[in-house]
Amino acid sequence: MKIATWNVNSVRIREPHVCRWLQRVEPDVLLLQEIKCEEKQFPAPAFKALGYDSVVAGQKSYNGVAILSRIPLDVHHVTLPGLPPEDAQARYLEIAAAGVTIGNLYLPNGNSGGEAGFAYKMAWMDRLADRAQALLDSDTPFVLAGDYNVAPADVDYATGTLPTDDALVRPETRARFRRMLWAGLTDAVRVTTPTGPIYTFWDYQGGAFQRDRGLRIDHALLSPVMADRLISAAPDKNVRAEDQPSDHVPVLVTFED
DNA sequence: ATGCCGGGTCCTACCCGA
């Protein structure tokens with residue numbers, strides 16, 4: 001089973017990139033973040049032509065997540081459980097497919113909006129940890145993957161790409177990420193490559209990709225059963241060198257059937 | 001320490017991202 005996650009930074013602009021990647025890699029399930037459109041604008045027919053059904057939690061202009069699948073699925077949640085009902089940001093979508101619960105998340109960046117913006121990120125991470133714990137308690141095999149907007153350790157961002165008090169690396173941010181690991185989740189990319197830098201994002205500015213000054217902020221966290229099934233997990237770096245790329249690359253995780 | 005890039009939209013100057 002192949003599950004991938006990709007912040008595409010506008011699905012309408014990146015439709016050809018996504019189609020090419022689906023055809024080349026043939027994931028069973030692809031989680032998309034920052035689709036930046038409502039469901040009615042989502043290019044579902046292009047993906048359907050390649051054999052993929054779409055589930056969309058859209059929002060005008062900002063955020064937005066979607067799931068493409070070539071295997072049958074059930075939709076379980078279109079928002080992150082526990083958030084206030086007035087929260088209208090489209091950042092979470094959860095399905096079950098082939099007996100695996102799959103959560104697709106676009107975690108708030110936390111740098112805009114001052115301390116209130118950062119507090120929103122912290123609350124969101126608390127609710128995500130709650131969701132992970134509930135799934136652990138139910139003994140459901142699961143994967144929580146997406147753009148976490150967290151560089152978990154210093155090795156996960158190139159020197160000088162972020163200030164030390166950036167919301168992606170603040171101690172409160174990292175503590176909440178670590179709490180999910182301590183609860184029993186496995187960081188698929190990091191256990192596959194235990195040491196050294198592995199980036200999933202390179203800024204558009206300053207020749208960041210050419211200089212390989214990136215961040216590792218897109219993650220797949222696995223429940224214990226899924227960690228036992230893990231074969232490989234890695235970003236597809238070559239995608240960043242295509243024309244008109246997203247600033248993030250896909251992260252592909254492969255499991256034993 | 002960022003907004004030089006590249007999306008978005010109130011169509012075009014401004015908001016947002018990491």
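Taking 4.0 angstrom as the limit, A/R14 places a side-chain polar atom (N or O) nearer than this to OP1 or OP2 of B/dG7. Side-chain N/O atoms of A/R170 include none lying less than 4.0 angstrom from OP1 or OP2 on B/dA18.
If you measure from atom CZ of A/R213 to atom P of B/dT2, you get 16 Å, rounded to the nearest angstrom. Here B/dT9 presents its P atom at 12 Å from CD1 of A/I35, a figure rounded to the nearest Å. As rounded to whole Å, 14 Å separates atom C1' of B/dA18 from atom CZ of A/F118. Per the geometry, OH belonging to A/Y148 stands 18 Å off C1' belonging to B/dA18, to the nearest Å. With rounding to whole Å, A/H17 atom NE2 is found 13 Å from B/dG7 atom C1'. Per the geometry, CD belonging to A/Q41 stands 11 Å off C1' belonging to B/dG8, to the nearest Å. At whole-Å resolution of the value, OH in A/Y157 and P in B/dA1 are 12 Å apart.
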field: side-chain hydrogen bond (donor to acceptor under 3.5 Å, both in side chains) assessment of A/N104 paired with A/Q33
entry: CA-CA 8 Å; A/N104 176 17; A/Q33 302 90 36; 2.7 Å; yes

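In this structure, A/S246 reaches neither bases nor backbone, as no heavy-atom distance under 4.0 Å exists between it and the strands shown. Contact annotation for A/R216: no contact, since no heavy-atom pair falls under 4.0 Å across all strands. In this structure, A/G110 reaches neither bases nor backbone, as no heavy-atom distance under 4.0 Å exists between it and the strands shown.
For the pair A/R179 and A/D126, the minimum side-chain heavy-atom distance is below 4.5 Å.
Separation of the P atoms belonging to B/dG6 and B/dC11 is 24 Å when rounded to the nearest angstrom. The separation of B/dC5 from B/dC10, taken at their P atoms, amounts to 25 Å, rounded to a whole angstrom. Across the P atoms, B/dT2 and B/dG8 are found 26 Å apart, a figure rounded to whole Å. Here, B/dA1 and B/dT12 have their P atoms 37 Å apart, quoted to the whole Å. On the C1' atoms, B/dG7 is 14 Å away from B/dA18, given to the nearest whole Å.
Side chain of A/S10, nearest nucleotide from B/dG7, B/dA18, B/dT9: B/dG7.
Residues A/N109 and A/Y120 bring no donor and acceptor atom of their side chains to less than 3.5 Å of each other.
Looking at which nucleotide of DNA chain B each of A/F201 and A/L162 is closest to, the 5′-most match is held by A/L162. A residue-by-residue look at A/I13 and A/T161 shows that A/T161 has its nearest nucleotide of DNA chain B further toward the 5' end.
Under the 3.5 Å distance criterion, the side-chain polar atoms of A/R12 are left unmatched by any main-chain donor or acceptor of A/C37. In terms of modelled atom types and a separation under 3.5 Å, the side chain of A/K2 and the main chain of A/V25 share a donor-acceptor contact.
For A/Y157 and A/Y199, the ring centers are positioned 6.0 Å apart or more.
A/L93 and A/V55 get closest at one heavy-atom pair: CD2-O, 3.5 Å.
No option in A/F177, A/F201, A/Y106 other than A/F177 meets the ring-ring contact (aromatic ring centres under 6.0 Å, His included) test with A/Y148.
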Distances under 3.5 Å between nitrogen or oxygen atoms of protein and nucleotides 14-17 of chain B:
| from | atom 1 | to | atom 2 | distance (Å) |
| --- | --- | --- | --- | --- |
| B/dG17 | OP2 | A/S112 | OG | 2.7 |

